[in-house]
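Naming: A, B, ... by sequence-line order, numbering from 1 per chain.
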Number of protein chains: 2
Amino acid sequence: MARCRTKGGKRMKQMKISEAVVRRLPIYLQFLNELNKREVQTVSSQDLGQRLDLNPAQIRKDLAYFGEFGRKGIGYDVVYLIEKIRQILKLNQTLHVALVGAGNLGHALCNYNMYMNDNMKIMAVFDALPSKIGTHINSLTVRPMQDLKQLVDEHNIRIGIITVPAVEAQNVANQLVEAGVEGILNFAPVILKVPEEVRIHHADFTRELLSLAYYLDYEGEESL
Amino acid sequence: MARCRTKGGKRMKQMKISEAVVRRLPIYLQFLNELNKREVQTVSSQDLGQRLDLNPAQIRKDLAYFGEFGRKGIGYDVVYLIEKIRQILKLNQTLHVALVGAGNLGHALCNYNMYMNDNMKIMAVFDALPSKIGTHINSLTVRPMQDLKQLVDEHNIRIGIITVPAVEAQNVANQLVEAGVEGILNFAPVILKVPEEVRIHHADFTRELLSLAYYLDYEGEESL
DNA sequence: TAGATTGTTAATCGATTAACAATC
DNA sequence: TAGATTGTTAATCGATTAACAATC
């Protein structure tokens, strides 16, 4: 659902952008924000590539999918490129988020409250445990699951974050889908099934940890 | 650093396994564990593919990099395959982990204490804040950063987890490297530079959230 | 045996990288 | 102008998928 330009500059919708490209955009944005904070005005694909361990040609190509953001002989204007990437990722509208699971991890995420992402806002927190309901996390009151649909509608919530234990995650996902969210970020260590029109991303750190383990050097050389 | 077999069955070290393959192994393992809990004995690549939204041929190929784990006409024995994947990911040894950052997220991870991963154990927790030092998280006492190197040596800690604020993350990474960890799992929303012999994985949920935002359907069609 | 399913080779598809004209 | 760096095309590389013989 990206918009690109034909040679003539006319806009052309729907030119399939690969997932790999989309996943790099937040990385670019993160580093560009750092550069901006350091008041760096301009950056080349060379510089970016060096810092991010990516091929400069790849970076140029990634950005070129969405428009001509750079200047030949000069590089990219940091502020301008930040603005453009924010547009691509639709970060100029504030995205409303519901968080389900007021446990430790849920608390952590609320505290973050996307402090660096002014563009995403947790609007409501839910939990199934009666003991949790009514308690406060920052300025939010933990709500029972029955209120989910109503609050999703009311606050125009488009994303759900799942921070419940693994056994409940699928059930919660179903309820989020039912309530009408368009995307889910799942922290529980299980594979969830959702209708294909709902986008699901996994933030399951156990996966990261396990794949990390693979890359550790052998110590006690063992055979399979 | 994978071991494979030549046709004749002799072992052959070093046949480059792609990162994509390694990242799928934990997913297989996760689902196989579920099947095992449900006392399912056998599973086909067909079944797995359906459930995990992956191509069955891909799954067979992934597994075949490491050995012949299946039986033609039958499929894979769930228990046996779990065991094999655990070996590949080196989960049969208990991996010792240090966690730096006793904030909310650090607490959450300690509570997890890898409950489902008996194979990883957080051996020590560190923080820079004097107010945090000496406090307890479960059975662990929060230690000052000065103790890092000593405890890494003492407990044979091979992995460091970073859950400190973004601005401190690079500094902490440096200290972890200095202390001798082989891998780092970074939760802070920054790009870290580490020597190439140290493996670094990112569990930065803001990235996941931003790329998720990209895939939400447009509402107020805006042009770039 | 017939049906199912693996492991593996070959074909396809897609992503990364190199190279270079355009231009600041 | 000379040097730098983009946007983009072409070349390369690698990953996914299809197909099928082997075999349970």
Side-chain angles (χ1 to χ4, degrees), chain A residues 2 4-9 12 15-25 27-28 32 35 40-78 80-81 84-85 88 211 224, chain B residues 2-10 12 15-25 27-28 32 35 40-78 80-81 84-85 88 211 224:
Chain A
C4 309
R5 258 164 241 266
T6 54
K7 277 288 176 43
M12 195 178 68
M15 193 251 212
K16 189 59 178 55
I17 305 296
S18 89
E19 203 164 316
V21 173
V22 175
R23 290 189 165 279
R24 280 191 293 268
L25 294 177
I27 301 177
Y28 301 150
L32 288 165
L35 289 178
V40 177
Q41 310 276 309
T42 285
V43 69
S44 69
S45 59
Q46 189 73 232
D47 300 339
L48 283 168
Q50 181 139 350
R51 187 59 225 280
L52 305 176
D53 286 321
L54 294 171
N55 184 301
Q58 181 170 65
I59 295 173
R60 293 200 299 279
K61 202 159 199 279
D62 284 354
L63 297 174
Y65 283 117
F66 302 97
E68 304 196 358
F69 302 149
R71 292 214 294 156
K72 295 181 190 186
I74 309 285
Y76 299 91
D77 181 274
V78 172
Y80 181 73
L81 190 53
K84 283 305 175 187
I85 296 180
I88 295 164
S211 65
L224 268 190
Chain B
R3 23 307 286 311
C4 310
R5 258 165 243 267
T6 55
K7 273 293 174 39
K10 272 165 287 160
M12 195 177 68
M15 192 250 211
K16 189 59 177 53
I17 306 295
S18 89
E19 203 164 315
V21 173
V22 174
R23 291 189 164 277
R24 280 190 294 268
L25 294 177
I27 300 176
Y28 301 150
L32 288 164
L35 289 177
V40 176
Q41 309 275 310
T42 284
V43 69
S44 68
S45 59
Q46 189 74 232
D47 300 339
L48 284 169
Q50 180 139 350
R51 187 58 225 280
L52 306 176
D53 287 321
L54 294 172
N55 183 300
Q58 182 172 64
I59 295 173
R60 293 200 297 280
K61 201 156 199 282
D62 284 354
L63 297 173
Y65 282 117
F66 303 96
E68 303 195 359
F69 301 149
R71 291 214 294 157
K72 296 179 188 189
I74 309 285
Y76 299 90
D77 181 273
V78 171
Y80 182 72
L81 190 53
K84 283 303 174 188
I85 295 180
I88 295 164
S211 63
L224 269 189

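- Look at Tyr76(A) and you'll find a side-chain N or O under 4.0 angstrom from OP1 or OP2 of dG7(D).
- Partner of Tyr76(B) under the side-chain contact (heavy atoms from CB on, under 4.5 Å) criterion, chosen from Leu32(B), Val43(B), Leu35(B): Val43(B).
- Between Arg24(B) and dT16(D) there is a side-chain polar atom (N or O) within less than 4.0 angstrom of OP1 or OP2.
- Taking side-chain N and O atoms only, Ser45(A) has a distance below 4.0 Å to OP1 or OP2 of dT6(D).
- For the pair Tyr80(B) OH and dT6(C) P, the computed distance is 15 Å after rounding to whole Å.
- For the pair Val43(A) and Arg71(B), nearest-nucleotide mapping onto DNA chain D gives the more 5' position to Val43(A).
- Rounded to whole angstrom, the span from the CZ atom of Phe69(B) across to the C1' atom of dT23(D) amounts to 19 Å.
- Contacts with DNA chain D (heavy atom under 4.0 Å) in residues 50-63 of chain B: Asn55(B), Ala57(B), Gln58(B), Arg60(B), Lys61(B), listed by number.
- Listed here is the closest heavy atom pair of Ser211(A) and Arg23(B): OG-NH1, 4.1 Å.
- Following rounding to the nearest Å, Leu48(B) (CG) and dT6(C) (C1') show an atom-to-atom distance of 13 Å.
- Taking both residues in full, the closest heavy atoms of Val21(B) and Phe66(B) are given as CG1-CE1, 4.1 Å, listed atom of the first, atom of the second, then distance.
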Per-nucleotide pairing state of DNA chain D [Watson-Crick or G-U, under 3.5 Å; [ ] pseudoknot-crossing; | other strand] = ..||||||||||||||||||||||
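- The minimum heavy-atom distance linking Gln58(A) with Leu54(A) is given by the pair OE1-CD2, 3.7 Å.
- Distance OH (Tyr65(B)) to P (dT8(C)): 11 Å, rounded to an integer number of Å.
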What's the verdict on side chain to side chain contact (heavy atoms under 4.5 Å, CB included) for Tyr28(B) and Leu52(B), showing C-alpha distance, side-chain angles and the deciding distance?
-> CA-CA 8 Å; Tyr28(B) 301 150; Leu52(B) 306 176; 3.7 Å; yes
Go through the steps to decide whether Ile88(A) and Tyr65(A) satisfy the test side chain to side chain contact (heavy atoms under 4.5 Å, CB included), and finish with yes or no.
-> CA-CA 11 Å; Ile88(A) 295 164; Tyr65(A) 283 117; over 6 Å; no
Hey, mind stepping through Leu81(B) and Leu63(B) against side chain to side chain contact (heavy atoms under 4.5 Å, CB included) and telling me if it holds?
-> CA-CA 9 Å; Leu81(B) 190 53; Leu63(B) 297 173; 4.0 Å; yes
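- Computed from coordinates, the Glu68(B) CD to dA22(D) P distance equals 14 Å when rounded to whole Å.
- The distance between atom CD of Gln46(B) and atom C1' of dA19(D), rounded to the nearest whole Å, is 14 Å.
- The two residues Thr42(B) and Val78(B) make their nearest non-hydrogen contact at N-CG2, 3.8 Å.
- Atom NZ of Lys72(A) and atom C1' of dC20(C) are 11 Å apart (whole Å).
- Applying the salt bridge (Lys or Arg N to Asp or Glu O under 4.0 Å) rule to pairs touching residues 50-62 of chain A yields Arg24(A)-Asp62(A), Asp53(A)-Lys193(B), sequence neighbours excluded.
- A straight line from CG of Asp77(B) to C1' of dT6(C) spans 14 Å, rounded to a whole angstrom.
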